[in-house]
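One structure is given here, and the rest of the page talks about it.
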Protein chains: 4
Amino acid sequence: MFVNGKKDIFTQTKNGMKKKFTDKQLKILDVAEELIAKKGFDGTSVRDISAKANINVAMISYYFGSKEKMLAYLYQYRVLRTRESFAEFAQTIREGKPEMQMKEIIKFIVNQMFKYNYFHAFVKQEVRHTDLVKDELVEFYRTATDKIDEVIKKGVASAVFHQTPKAEDVLTIIIGTAVFAIRNKVFYEVYLPGDEADFLKNAEQKVKASNYQTIFSLLGYQPEG
Amino acid sequence: MFVNGKKDIFTQTKNGMKKKFTDKQLKILDVAEELIAKKGFDGTSVRDISAKANINVAMISYYFGSKEKMLAYLYQYRVLRTRESFAEFAQTIREGKPEMQMKEIIKFIVNQMFKYNYFHAFVKQEVRHTDLVKDELVEFYRTATDKIDEVIKKGVASAVFHQTPKAEDVLTIIIGTAVFAIRNKVFYEVYLPGDEADFLKNAEQKVKASNYQTIFSLLGYQPEG
Amino acid sequence: MFVNGKKDIFTQTKNGMKKKFTDKQLKILDVAEELIAKKGFDGTSVRDISAKANINVAMISYYFGSKEKMLAYLYQYRVLRTRESFAEFAQTIREGKPEMQMKEIIKFIVNQMFKYNYFHAFVKQEVRHTDLVKDELVEFYRTATDKIDEVIKKGVASAVFHQTPKAEDVLTIIIGTAVFAIRNKVFYEVYLPGDEADFLKNAEQKVKASNYQTIFSLLGYQPEG
Amino acid sequence: MFVNGKKDIFTQTKNGMKKKFTDKQLKILDVAEELIAKKGFDGTSVRDISAKANINVAMISYYFGSKEKMLAYLYQYRVLRTRESFAEFAQTIREGKPEMQMKEIIKFIVNQMFKYNYFHAFVKQEVRHTDLVKDELVEFYRTATDKIDEVIKKGVASAVFHQTPKAEDVLTIIIGTAVFAIRNKVFYEVYLPGDEADFLKNAEQKVKASNYQTIFSLLGYQPEG
DNA sequence: GATGAATGAGCATTCATTCAT
DNA sequence: TATGAATGAATGCTCATTCAT
């Protein structure tokens with residue numbers, strides 16, 4: 001009945017979640033994500049979403065079963081894509097030196113946070129629904145800490161890193177600072193060049209730079225040789 | 001008509017905000033804070049609040065003008081108290097060594113975040129209403145960065161710190177990591193001893209410890225000697 | 001909160017049902033009864049009811065909790081009144097001869113059916129909700145059969161009745177014929193004098209006359225000596 | 001366009017009603033009858049019907065024009081069959097004695113009521129739609145009263161009946177008691193042997209037995225000789 | 001000041017029906 | 001003939017707020 005369509009963009013098997021979204025359904029999810037991030041789940045009515053997505057109100061129930069279930073699909077969809085994306089990314093840095101790998105990890109995570117800041121904004125925001133996404137998100141965090149841990153160990157082994165901060169602390173710093181920057185624009189923009197329109201772009205650069213400094217400092221990084 | 005009462009607990013002059021809250025009004029604000037942090041602003045009805053606070057539904061409109069305005073009072077009330085509290089705190093560390101001062105700053109900020117985690121949770125959460133509190137909050141951030149900056153400079157001058165990270169980056173790390181820990185219990189508790197009930201207490205310790213390490217590493221701290 | 005008011009018309013203690021209805025609440029119940037009898041429960045919207053009763057839509061939920069609960073109150077209210085009314089009636093015929101008592105019973109029951117034909121129409125009609133009223137209604141039926149039984153026995157003892165039909169069959173005939181007449185106007189009115197406007201009045205007379213004949217025939221009634 | 005198909009089961013000429021139903025259409029009518037009897041017309045959605053009948057939702061509008069018109073077809077279909085069935089039955093008792101004929105009439109009518117209790121339940125129930133079926137049903141009642149009248153006259157002529165109750169009163173008793181029994185299970189089953197599962201079977205027997213007694217009593221029946 | 005009743009706007013959802021294929 | 005997507009109207013209900021006292 002619902003959650004099938006013509007174009008496959010998304011595939012998942014667990015949790016009884018259906019597999020495919022049509023363009024129209026994805027349009028709804030995109031619009032919903034944006035509005036929910038701005039106004040909260042309760043503050044966003046299905047009429048708001050349907051108006052902005054140019055679809056009939058009834059379609060949200062029709063496609064997803066309910067507004068709440070739509071949110072569940074949205075959560076799972078975004079988190080799964082983030083995890084898939086991280087897995088792909090992890091492949092691309094398989095061969096590099098630890099310091100390059102760490103830098104890339106920081107870059108990747110901060111980039112994801114800013115790219116999907118709508119989503120990450122409301123994941124943090126929607127306290128009541130966090131359980132929907134908790135497991136998926138935590139699994140992503142684990143994958144990230146595993147990778148971070150591996151890189152730290154390798155760096156220590158090859159004597160470019162001289163300290164072993166905990167992987168979860170490293171991840172906490174990266175994500176925590178990114179989210180803080182995104183959510184505290186008024187405070188943050190004072191420290192940024194350019195005008196307001198470029199805020200996200202500039203903030204992302206600053207967060208990355210800051211994180212390189214912080215994390216490498218924590219690692220006791222000494223360039224080889 | 002409203003927002004005045006018998007007992008003065010709170011005084012403020014700007015923004016046309018009235019000055020005094022009665023016990024009953026403070027009770028409402030406390031209950032509202034807790035419920036809003038748990039269920040969001042829209043997810044919390046004035047009936048929920050009035051039931052839990054044992055007052056009549058009509059009183060919220062009556063006292064504060066509207067539910068939205070009540071939130072504004074709540075924001076301002078909490079932020080102002082945080083700023084006052086920081087000012088007091090700043091006095092207490094006036095005489096110490098830079099490394100002790102920095103440690104106390106970290107301790108104080110993390111402590112505030114956990115103590116008022118309800119509040120800070122929903123400040124981050126209620127995107128739509130952030131403008132209500134923005135100026136106040138940013139002013140607090142400024143006060144904090146000024147102090148941090150002062151301590152860094154003093155530490156460099158006295159040669160216990162050998163690097164000069166930006167004050168806003170330091171603050172970003174402290175607040176960002178604290179908020180992340182609070183909001184990601186499921187991920188975080190794996191790294192903590194003790195049971196779930198002690199989560200906040202243990203998480204606070206871990207965040208403090210991690211921040212000492214991070215910030216001091218960034219400062220290139222070398223104990224005098 | 002709801003189902004209390006100023007004027008007491010109705011009192012009941014069991015089932016956790018509240019005790020008193022205000023005039024406004026009774027107005028709603030009356031209107032609801034009429035509309036539901038005409039158009040069914042699902043066919044009657046709370047907007048229909050509130051429009052006809054000249055009250056705000058929200059009041060139905062406010063007073064009764066929900067549309068469904070309103071129906072439950074209506075059921076219990078009407079059935080209880082019927083039972084109370086029967087108990088009173090039973091007192092008034094305590095002293096009479098069995099044949100007079102039986103006639104009065106028939107008259108009373110048929111009268112109630114026609115008087116509250118709206119209600120009895122939809123009790124029969126609302127299959128899905130019958131459980132709400134089943135126990136109460138059955139208890140009324142029992143009271144009636146007990147009384148019928150008593151009268152039959154007395155009549156047999158005093159040799160005015162010479163047969164002993166089952167009390168439940170007697171009740172079934174009385175109620176069954178009354179309901180049939182009410183619900184089959186088009187068929188029934190052919191056999192009645194007067195015009196359509198008097199249908200209920202005339203039908204009631206016919207049903208009573210027919211029942212006197214039937215029941216007394218079943219009882220083998222022979223006027224005394 | 002609609003209401004015609006491959007297999008003819010049903011033929012009628014009046015009211016502009018089309019004549020034939022396909023197997024699929026009959027399946028829909030059967031399912032609809034059952035569901036409507038259980039949950040009412042408004043309580044039964046076309047989706048419920050189509051799901052249970054394994055057809056597409058759109059087919060009901062497509063076949064019958066609308067949900068309401070489907071009900072009209074259902075009414076007319078059932079009533080016509082009942083009338084046809086009664087006509088056939090009338091033939092089979094043409095030659096018997098009046099007392100046997102009357103007994104068979106009671107048996108037949110009660111049997112029909114219980115056999116099509118779904119249908120008769122909702123004919124009584126769906127007040128709003130009764131006009132759809134009124135004329136047809138009344139015509140059936142007339143046929144029945146005519147036959148009852150004929151039998152009474154014959155019995156009186158042959159001196160087995162000694163009273164002349166009105167035919168419409170006799171019919172009213174038969175149908176009224178049958179419907180009452182069907183619709184008041186909880187009250188009625190106390191007087192029946194066997195368990196709940198056999199309710200309809202046992203109730204039918206009791207209603208028949210009771211009606212034999214009542215009607216023959218009314219007729220002043222005296223076995224010949 | 002304080003209350004319970006009352007209001008009207010808004011909500012998510014379900015509905016029978018129609019459309020496009 | 002038959003379908004699944006799509007529609008717009010209506011549903012019961014909850015909401016913050018205001019009214020009358």
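Scope of the values below: all heavy atoms of this structure, side chains included, with no hydrogens, waters or symmetry mates. The shown structure was predicted, so the numbers you read here are calculated from the model rather than taken from an experiment. Below, chain A is the first sequence line, B the second, and so on; all start at residue 1.
- To the nearest angstrom, P of E/dA16 lies 12 Å from CG of D/L35.
- Contact annotation: B/Y63 reaches the phosphate of E/dA2 (side-chain N/O to OP1 or OP2, under 4.0 Å).
- In the displayed structure, A/K67 atom NZ is contacted under 6.0 Å by more than 12 heavy atoms of other residues, nucleotides or ligands.
- Judged by distance alone, with hydrogens and angles left aside, D/R47 brings a side-chain donor or acceptor within reach of the base of E/dA16, the pair sitting under 3.5 Å.
- Distances shorter than 4.0 Å separate some side-chain N or O of A/S45 from OP1 or OP2 on E/dC11.
- Within the 4.0 angstrom heavy-atom criterion, only backbone atoms of the sugar-phosphate kind lie near D/T44; the bases stay farther away.
- For the pair B/K27 NZ and E/dA2 C1', the computed distance is 18 Å after rounding to whole Å.
- Here salt bridge (Lys or Arg N to Asp or Glu O under 4.0 Å) pairs that include residues 48-66 of chain B, with residues two or more places apart or in two chains, are B/E34-B/K52, B/K39-B/D48.
- The CG atom of A/D42 sits 12 Å away from the C1' atom of E/dA12 (whole-angstrom rounding).
- In this structure, C/M59 atom CE and F/dT14 atom P are separated by 14 Å, rounded to whole Å.
- Contact record, A/Q25 with A/Y63: NE2-CD2, 3.1 Å, taken as the closest heavy-atom pair.
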Exercise for the section: Give DNA chain E the dot-bracket treatment, 5' to 3': Watson-Crick (N1-N3 with N6-O4 or O6-N4) or G-U (N1-O2, O6-N3) under 3.5 Å, [ ] crossing, | other strand. Expected result: .||||||||||||||||||||
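- If A/I55 and C/I60 are placed on DNA chain F by their nearest nucleotide, the residue sitting closer to the 5' end is A/I55.
- The 5' end of DNA chain E is approached more closely, in terms of each residue's nearest nucleotide, by B/V57 than by the other of A/V46 and B/V57.
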Problem - Pair B/T22-B/L26, side-chain contact (heavy atoms from CB on, under 4.5 Å): steps then yes or no - result: CA-CA 6 Å; B/T22 63; B/L26 285 173; over 6 Å; no
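- Distances shorter than 4.0 Å separate none of the side-chain N or O atoms of A/Y62 from OP1 or OP2 on F/dA6.
- Here E/dC15 presents its C1' atom at 12 Å from CZ of D/F41, a figure rounded to the nearest Å.
- Atom CZ in B/F64 sits about 16 Å away from atom P in F/dT18, given to the nearest Å.
- In this structure, A/K67 places its NZ atom 8 Å from P of E/dT13, rounding to the nearest Å.
- If you take CG of A/D23 and P of F/dA6, they are 11 Å apart, rounded to a whole angstrom.
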Exercise for the section: Please lay out, stage by stage, how B/M59 and B/F64 fare under the test side-chain contact (heavy atoms from CB on, under 4.5 Å). Expected result: CA-CA 8 Å; B/M59 297 316 290; B/F64 302 106; over 6 Å; no
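- A sub-4.0 Å separation between OP1 or OP2 of E/dA6 and a side-chain N or O of C/K24 is present.
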Problem - D/L74/D/R78 under side-chain contact (heavy atoms from CB on, under 4.5 Å): CA gap, chis, key distance, verdict - result: CA-CA 6 Å; D/L74 175 52; D/R78 276 285 183 269; 4.2 Å; yes
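- For D/S61, no side-chain nitrogen or oxygen approaches OP1 or OP2 of E/dT18 to under 4.0 Å.
- For A/A58, whose side chain is taken as the heavy atoms from C-beta onward, the closest listed nucleotide among F/dG4, E/dT7, E/dT14 is E/dT14.
- Heavy atoms only, all atoms of each residue included: A/M70 and A/A32 are closest at CE-CB, 3.8 Å.
- Of the side-chain N and O atoms in B/N56, none sit less than 4.0 angstrom from OP1 or OP2 of E/dA2.
- Taking both residues in full, the closest heavy atoms of C/I28 and C/I60 are given as CG2-CG1, 4.1 Å, listed atom of the first, atom of the second, then distance.
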